[in-house]
Engineer: 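Sharing a structure below in structure tokens format, with a few things to ask.
Sequence lines set the chain letters: A, B, ... in the order given, protein chains first and strands last, and positions in each chain run from 1.
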Protein chains: 2
Amino acid sequence: MGEPDPKSPRERYRAQVRAEIKEHAWKQIAAAGVPALSLNAVAKQMGVSGPALYRYFASRDELITELIRDAYQSLADTFRVAFVAGADVTGLAHALRDWALEDPQRYFLIYGTPAPGYHAPEDTTRISSQIMATLLDACAALASDSPATPFRAHLQEHRDWADGHPATPAALRRALTFWTRLHGVLSLELAGHFTGMGFDPALLFAAELDDLLTQRA
Amino acid sequence: MGEPDPKSPRERYRAQVRAEIKEHAWKQIAAAGVPALSLNAVAKQMGVSGPALYRYFASRDELITELIRDAYQSLADTFRVAFVAGADVTGLAHALRDWALEDPQRYFLIYGTPAPGYHAPEDTTRISSQIMATLLDACAALASDSPATPFRAHLQEHRDWADGHPATPAALRRALTFWTRLHGVLSLELAGHFTGMGFDPALLFAAELDDLLTQRA
DNA sequence: CGTGTTCGTTAGAAGTTATAACTAGAGATG
DNA sequence: CATCTCTAGTTATAACTTCTAACGAACACG
């Protein structure tokens, strides 16, 4: 009964073709961005004609949604692998930057311009909280020798996003700061806003990371 | 001879129609994002049929480029007006956030996902440095009671982006931090990454701004 | 070895950007 | 004021896009 046994030869073939489609899609996105992704062009490169792809993805949007999901998963895996390999917050930061530089458009698929009406599917928000969980793990390992702030109190009252993670308010604040500050420098670097300004983006990233770790407030 | 006298009635009409086109384009972008911008739809809304718009913009890309230019100019004006009205760094920060919240897609037109091949036209980089100049003006007014850092030295060696502005290394660093950190929180807020997390994005923005101003390093 | 599911095909509808050729009207000029 | 020119908007068309429908052929399965 239609149950997709993962070992069925048809299912195996299907999964492989889906993967190949996504492969070509990633190349097109890396080359010219999401708006330039064309199902027709992907089909042409695969030596298959047009509507054949609709056997594998119901629509262009579904393909893109799948790529977004994969991007989230890739980042979550990168974080988790780095963390279990012993990386601290600094290690996670460099893992993040390396991952982003590896494919800037993949980063922007997650953190770039959103479509006004778009709502992320349930599972991506789940993966997103996995990412946050790893970050909180790393931040919890840091000592907090700094005084409380009003915003930390606010976070303590609104800590549902930590999803039960036993992090101190200081760790919550640190994780949030990690996220927003590194995203700030990284996204501007990836978008090319620093080109022609002279300084080294890697040094700015490192300086922000250092600030983040040796912070008092 | 063909010289566009700004008072020629034809030129006035032309400028007005161009403005109306851009007006409708902004509405479409605000509603569904840049990819959903359709010249045909704009023409339909204006009660005019399709190719008529090509008298006013050579291509869809040229229209978008013009909108980007206007977005930059709008931000530069907002900053300049706030500064001459006496706003300090805090004032500029809130002017920035208000401006961004007013039309998130306009913000993302500048700081959102870039198209891989795209190079901004010369004048937008000029407007961009006007924005930076205003920010440096405000940062120069702040006292810097903090010790030098290696990155500040690096900035001092690569201060061409300041475009001759007589800012101390501390002010340069402060301007850069203002930019990256506030962009970090703001872009994540505008993209909706904080929705459902519980805390108040405005408080996070204020906390980051406070950190920025009362910073030691 | 049938039998049915599924895959890929071609045809086509509805949309897009953009160009070409034409018409009608407005502005500029004598 | 008459005329001339230039331009704005029109329709037709090409080349693209996503996506649906109907068909044929190949493959897995009982």
Side-chain angles (χ1 to χ4, degrees), chain A residues 1-29 31-68 115 117-118, chain B residues 1-29 31-68 115 117-118:
Chain A
M1 285 302 250
E3 261 306 291
D5 184 345
K7 282 200 160 56
S8 160
R10 276 226 156 106
E11 281 300 322
R12 291 180 58 86
Y13 176 73
R14 195 175 168 75
Q16 182 184 341
V17 175
R18 278 177 66 98
E20 190 180 351
I21 293 172
K22 292 199 274 185
E23 205 65 30
H24 287 282
W26 278 121
K27 283 179 190 166
Q28 286 195 13
I29 289 177
V34 171
L37 171 60
S38 158
L39 291 192
N40 265 355
V42 169
K44 193 163 290 182
Q45 282 191 343
M46 290 178 64
V48 88
S49 261
L53 302 190
Y54 287 83
R55 296 279 172 189
Y56 301 93
F57 294 95
S59 70
R60 182 178 179 272
D61 275 4
E62 192 186 286
L63 171 58
I64 294 176
T65 298
E66 185 81 9
L67 297 179
I68 293 176
Y118 183 76
Chain B
M1 288 305 249
E3 261 306 291
D5 184 345
K7 284 202 159 54
S8 159
R10 277 218 156 113
E11 281 299 321
R12 292 180 57 88
Y13 177 73
R14 196 176 168 75
Q16 182 184 342
V17 174
R18 278 177 66 98
E20 190 180 352
I21 293 172
K22 292 199 274 185
E23 204 66 31
H24 286 281
W26 277 120
K27 283 179 190 166
Q28 286 195 12
I29 289 177
V34 171
L37 170 61
S38 158
L39 292 192
N40 264 356
V42 169
K44 193 163 291 182
Q45 281 191 345
M46 290 178 65
V48 87
S49 262
L53 302 190
Y54 287 83
R55 296 278 171 189
Y56 301 93
F57 294 94
S59 70
R60 181 177 180 274
D61 274 4
E62 192 184 287
L63 171 58
I64 294 176
T65 298
E66 185 81 9
L67 296 179
I68 294 176
Y118 183 77

Engineer: Within this structure, what is the CD-to-C1' distance between B/Glu62 and C/dA18, rounded to whole angstrom?
Structural biologist: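 Result: 13 Å.
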Engineer: Please report, rounded to the nearest Å, how far the C1' atom of C/dT10 is from the OH atom of A/Tyr54.
Structural biologist: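 The answer, rounded to whole Å, is 16 Å.
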Engineer: What is the distance, to the nearest angstrom, from the CD1 atom on A/Ile21 to the P atom on C/dC7?
Structural biologist: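 Going from A/Ile21 (CD1) to C/dC7 (P), I get 11 Å.
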Engineer: Expressed in angstrom and rounded to an integer, what is the separation of A/Gln16 atom CD from C/dT6 atom P?
Structural biologist: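 For the pair A/Gln16 CD and C/dT6 P, the rounded distance is 19 Å.
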Engineer: In Å, rounded to the nearest 0.5 Å, how long is the span from CE of B/Met46 to CD of B/Glu23?
Structural biologist: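 With rounding to 0.5 Å, CE (B/Met46) is 10.5 Å from CD (B/Glu23).
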Engineer: Round to a whole Å and report the spacing from CG of A/Asp61 to C1' of D/dT17.
Structural biologist: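 The distance from CG of A/Asp61 to C1' of D/dT17 comes to 13 Å, rounded to the nearest Å.
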Engineer: Between atom CZ in B/Arg60 and atom P in C/dT17, what is the gap in whole Å?
Structural biologist: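 For the pair B/Arg60 CZ and C/dT17 P, the rounded distance is 6 Å.
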Engineer: Between D/dT17 atom C1' and A/Lys44 atom NZ, what is the distance in whole Å?
Structural biologist: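 One finds 11 Å between C1' of D/dT17 and NZ of A/Lys44, rounded.
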Engineer: Please report the interatomic distance OG1(B/Thr65) to CZ(B/Phe57), rounded to the nearest 0.5 Å.
Structural biologist: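 Here the interatomic distance stands at 10.5 Å.
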Engineer: Just to confirm, is there a sub-4.0 Å distance from OP1 or OP2 of D/dT18 to any side-chain nitrogen or oxygen of A/Ser38?
Structural biologist: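 Yes.
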Engineer: Check nucleotides 6-10 of chain D against the protein and report each pair of N or O atoms closer than 3.5 Å, with its distance, or say if there are none.
Structural biologist:
from, atom 1, to, atom 2, distance (Å)
D/dA8, OP1, B/Arg14, NH1, 3.4
D/dG9, OP1, B/Tyr13, OH, 2.8
D/dG9, OP2, B/Tyr56, OH, 2.6
D/dG9, N7, B/Arg55, NE, 3.1
D/dG9, O6, B/Arg55, NH2, 2.2
D/dT10, OP2, B/Ser49, N, 2.9
D/dT10, OP2, B/Ser49, O, 3.3

Engineer: Would you mind reading off the distance between A/Glu11 atom CD and C/dT6 atom P, rounded to a whole angstrom?
Structural biologist: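 Between P of C/dT6 and CD of A/Glu11: 9 Å.
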Engineer: May I ask you to test the B/Leu37-B/Leu63 pair for a side-chain heavy-atom distance under 4.5 Å?
Structural biologist: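 Sidechains of B/Leu63 and B/Leu37: in contact.
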